[in-house]
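Counting from 1, the numbers follow the sequence of the chain as shown.
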Amino acid sequence: MNKKQPPILELSYRTTMPVTQIRLFPSDGAYPVCPRCAISLDREYQRFCDRCGQRLGWQGYKKARIIHL
């Protein structure tokens, strides 16, 4: 009895997602936002989100939308 295994699908977090938002905190500064988990990132230009593991793309970061809190 030899069952056929389903093909291994590439996980979605390995595909680069562009960072398109910046959260601006009045007393604490501005932080980029992970496009997958929507959490503020600690540093700019890191390759992966340190919380969800999403691969990040920074090519359009200069034109990112600023969210005032």
Side-chain angles (χ1 to χ4, degrees):
M1 216 171 166
N2 201 0
K3 288 187 177 182
K4 203 173 188 186
Q5 295 293 327
I8 296 174
L9 300 175
E10 186 168 357
L11 300 172
S12 64
Y13 64 85
R14 290 185 178 177
T15 304
T16 303
M17 289 182 74
V19 176
T20 59
Q21 295 180 347
I22 301 169
R23 284 197 182 120
L24 182 62
F25 295 92
S27 62
D28 198 25
Y31 295 92
V33 177
C34 174
R36 183 171 188 227
C37 68
I39 300 294
S40 298
L41 301 168
D42 294 334
R43 300 179 313 272
E44 294 177 350
Y45 303 108
Q46 59 192 61
R47 289 186 63 170
F48 297 92
C49 175
D50 53 357
R51 290 170 183 88
C52 72
Q54 176 63 51
R55 181 182 290 246
L56 303 171
W58 297 94
Q59 58 275 12
Y61 182 62
K62 300 275 185 202
K63 298 177 184 175
R65 182 173 63 119
I66 297 175
I67 302 168
H68 296 275
L69 298 176

For a quick test of your reading: what N or O donor-acceptor pairs under 3.5 Å do the side chains of residues 62-69 make, sequence neighbours left out?
none

Name the atoms and distances for all side-chain donor-acceptor pairs under 3.5 Å in residues 28-45, with sequence neighbours left out.
{"residue": "Tyr31", "atom": "OH", "partner": "Asp28", "partner atom": "O", "Å": "3.4"}
{"residue": "Arg36", "atom": "NH1", "partner": "Cys52", "partner atom": "O", "Å": "3.4"}
{"residue": "Ser40", "atom": "OG", "partner": "Arg23", "partner atom": "NH1", "Å": "3.1"}
{"residue": "Glu44", "atom": "OE2", "partner": "Tyr61", "partner atom": "OH", "Å": "3.0"}

- Task: Check step by step if side chain to side chain contact (heavy atoms under 4.5 Å, CB included) holds for Gln54 and Leu56.
- Result: CA-CA 6 Å; Gln54 176 63 51; Leu56 303 171; 4.2 Å; yes
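In this structure, Gln46 has no side-chain hydrogen bond (donor to acceptor under 3.5 Å, both in side chains) partners at least two apart in sequence or on a different chain.
Through direct or relayed side-chain contacts under 4.5 Å between Ile, Leu, Val, Met, Phe, Trp and Tyr, Phe48 connects to no other residue.
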